[in-house]
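Reviewing the structure listed below.
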Amino acid sequence: MAEQGIVHLFPKGAGEAPAVEPQLRALEAILFASSEPVSEAELQGRLPEGSNCSELLGALEQLYADRGVNLTKVAKGWAFRTSPDLAHLMAREVVEQRRLSRAAQEMLAIIAYHQPVTRTEIEEIRGVATSRGTLDLLIEIGWVRICGRRQAPGRPVTYGTNDAFLEHFSLDRVSDLPGIDELAASGLLEKTVAPVLQRDDDETPADDEGDDEKLDRIYLDTDIEAEAGG
Amino acid sequence: MAEQGIVHLFPKGAGEAPAVEPQLRALEAILFASSEPVSEAELQGRLPEGSNCSELLGALEQLYADRGVNLTKVAKGWAFRTSPDLAHLMAREVVEQRRLSRAAQEMLAIIAYHQPVTRTEIEEIRGVATSRGTLDLLIEIGWVRICGRRQAPGRPVTYGTNDAFLEHFSLDRVSDLPGIDELAASGLLEKTVAPVLQRDDDETPADDEGDDEKLDRIYLDTDIEAEAGG
Amino acid sequence: MMESRNNKQQPDLWEEDVRQSPEMLVVDVDGFEGPLDLLLDLARAQKVDLAKISVLALAEQYLLFIERHRTLKLELAGDYLVMAAWLAYLKSRLLLPEPTEDDDTIGEELAAALAVRLQRLEAMRKASSLLMNRDRLGRDIFARGEPEIRIERKSAYQATLYDLLSAYARLGRRSAQSVVHVTKRAVWSLGEAREALLRMMGDVAEWTPMTVFLSPYLVTAQIRRTVMASGFGASLELAREGKLELRQSWTFGPLMIRTPASGHDRGATNG
């Protein structure tokens, strides 16, 4: 029953002493966590004094030869790489989580709190012209939908949030959105907000467009930049 | 002999060289390639039809149990992580993390163990007003999130932890928090302090004030419940 | 506590900055974080199980501590004084247990509740250190440093309620050209009074004289009026919201308050 952990589980060439074990473990961890290939010189420096680095690398390489992950030597040094025959599995990795740009966050907030709301009203509240792409993006994500039309000259389209929005934000209904006052009271937000954002506030100045837009651009996330530009 | 299962998955001698279990290789590659936990459901979807995912995971976990890199169950998924005992070797990889203030640490613990919890409840437990910004900071770090609302007068916002929190602290789920069972058993996770002494009169004791409240705590914040339970 | 924050990064959040915050310098009495923390420290000095501490001795020690700091003319935050007031009251109840017909407060019960609060805080302290000492990602254990994921440009957009609210607040700020108000602490605001009452009374089901909160511990010469006014105002407000019940048995008699309880007869809420 002298099953020496890795000696047993990870087969290797005959004649190797079990004393190599801790050094192999160390090597394994270092190579795994490093964000780029590690040179042999650096590995030697990080391993315990007296380790024979190239011998260890050879052993590790052999150990992982048939695995889903292989130890490979690349230009800059050594690195673990998934086995080439499994490359097809790598392509289907997780969807990337991306944050909304500030502009998109703001627009979503306005739509959520003021729905149904028209595009012109959104722009009035934001005080800047809205790039078409931002609204499109919110619709594409599936959080914003067209609600209907305002009974007003031009019968503009109104926007609101939908079920996917509620689900994403774990809300039962729109009225469950946290109130500004409440959040301000809990110290999460500054309390200088409320009055400007009432809908009857029709004369919100939409001038200074140019300047604010420029500011916006600075804060825009790159992805939205692309969206907005296109 | 418990290793029997693995022994046949991974050949002992290099000479025998039967094909390494392809499903295990695939699993290994997927998990190794990802820096974030991958859920079992996703793994199942990416493995060949008919694979027994949980069995394979068990085998892989055991296989790596003594290695420099271990397979761990974290934040409701699976991920490879370097072994904790090798931390000293990894100094180069350490991302400099500023230490949280004591108040912030305490607040985080209260949110974690009492979630979903309102700000007032946190302050009651600590017996002191919360400095504005502490909650802000925890949310900004990305460990704390707004869960929903308490079905109680004023419908206060409740807070809880999220997956990033679980991942950072190597927890699979909230119910795995250290000592949480003992705390729950000793009644110290109740948000209302129950008078310990018995009363002679049969008036309803004060802590029953929150009968509905307590039900709320159990059932309301469904998302958190799901986290804890599933 | 309504002064607006002009920088997002709060100075007292990170460990090394704690001492530099002026706000903390007031609150931080000899390094204690609030009255409950101070009490817990005193309780530990009794070197017995927290469940078996002598609350009476504890109350006395706390009051002594507060007295000492008052004579040193240190500015003590309201929280400490509210607790002092409360403990002074508790002490009187423990020493002279003679409940009147109107007042079913039992000193021992209050003392026991206090002990439970201390245990709860201590438990959270322990939990906090257990948590912080876990093997933490990026400190003790590490993830794959070079993930080999070929990311397909399929994005799941991610936003939180916090993002939404922050965005909304940002909008308001931009158009409101916010003015920075810095409030001085010379007044005990209604808000502060309210919070203090809520915090202290949160778990007290017994009729308790309102004056407990307006005792000499709270009222120094400079802020006597504001404490009286705000305390009274806040209690009315809380009563209106159903978070507090008020009772006064005769004109100019002591104003009693307690937390509403579903099982209790709803006390008259005339102020």
Side-chain angles (χ1 to χ4, degrees), chain A residues 1 3-14 21-35 38 42 46-48 62-63 65-70 80-83 85-87 89-90 92-94 97 169-172 176-179 182-183 185-190, chain B residues 1 3 6-7 10-14 16-17 19-20 24-34 36 38 42 45-47 62-69 80-83 85-86 89-93 118-119 130-136 139 146-149 154-157 221-223:
Chain A
M1 227 74 77
E3 289 166 347
Q4 294 289 334
I6 83 161
V7 176
H8 181 90
L9 298 177
F10 281 74
K12 47 186 176 235
E21 232 179 270
Q23 293 162 24
L24 275 183
R25 287 183 77 234
L27 201 57
E28 223 169 18
I30 292 170
L31 287 166
F32 170 85
S34 175
S35 59
V38 192
E42 195 192 330
R46 287 173 75 176
L47 285 174
Q62 209 187 324
L63 194 59
D66 296 324
R67 314 292 301 265
V69 173
N70 312 134
F80 276 118
R81 292 278 183 260
T82 48
S83 191
D85 66 304
L86 296 172
L89 286 171
M90 298 303 107
R92 284 165 50 203
E93 247 310 324
V94 283
Q97 298 290 329
F169 291 94
S170 311
L171 296 165
D172 279 341
D176 283 355
L177 278 166
E182 183 171 17
L183 272 278
S186 69
L188 277 175
L189 294 172
E190 294 175 43
Chain B
M1 293 314 167
E3 278 94 342
I6 288 154
V7 172
F10 279 88
K12 187 165 184 165
E16 304 165 25
V20 168
L24 208 54
R25 280 185 80 233
L27 194 62
E28 198 176 30
I30 295 167
L31 287 166
F32 215 92
S34 176
E36 279 160 25
V38 187
E42 196 191 328
R46 295 176 58 187
L47 287 174
Q62 217 182 325
L63 192 60
Y64 276 90
D66 296 323
R67 309 305 314 243
V69 171
F80 275 116
R81 296 285 185 250
T82 59
S83 188
D85 67 303
L86 297 173
L89 283 172
M90 314 303 294
R92 199 153 311 190
E93 321 294 342
T118 68
R119 185 165 183 263
T130 300
S131 103
R132 296 150 291 113
T134 308
L135 202 48
D136 239 348
I139 291 174
I146 296 172
C147 292
R149 286 167 177 283
R155 311 198 66 221
V157 166
D221 296 76
T222 41
D223 44 341

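By convention in this document, chain letters (A, B, ...) are assigned in the order of the sequence lines, proteins followed by strands, and residues within each chain are numbered from 1. All of these numbers come straight from a predicted model, not from anything done at the bench.
Atom CD of A:E21 and atom CG of B:D66 lie 7.5 Å apart (nearest 0.5 Å).
A pairwise comparison of heavy atoms in A:R67 and B:Y64 identifies NH2-OH, 3.3 Å as the closest pair. The shortest non-hydrogen separation linking A:T82 to B:A29 is CG2-O, 3.5 Å. Counting all heavy atoms, side chain and backbone alike, A:S83 lies closest to B:R25 at OG-NH2, 2.9 Å. Nearest heavy-atom pair across B:M90 and A:I30 is CE-CA, 4.1 Å.
For a residue to count as touching a neighbouring chain, one of its non-hydrogen atoms must lie under 4.5 Å from one of that chain's; by this rule B:L89 touches chain A with backbone and side chain alike. Neither the backbone nor the side chain of A:N70 comes within less than 4.5 Å of any heavy atom in chain B. Within the 4.5 angstrom heavy-atom criterion, only side-chain atoms of A:F80, from C-beta onward, approach chain B.
Of the possible donor and acceptor atoms, one in the side chain of B:R149 sits under 3.5 Å from a partner among the backbone N and O of A:L177.
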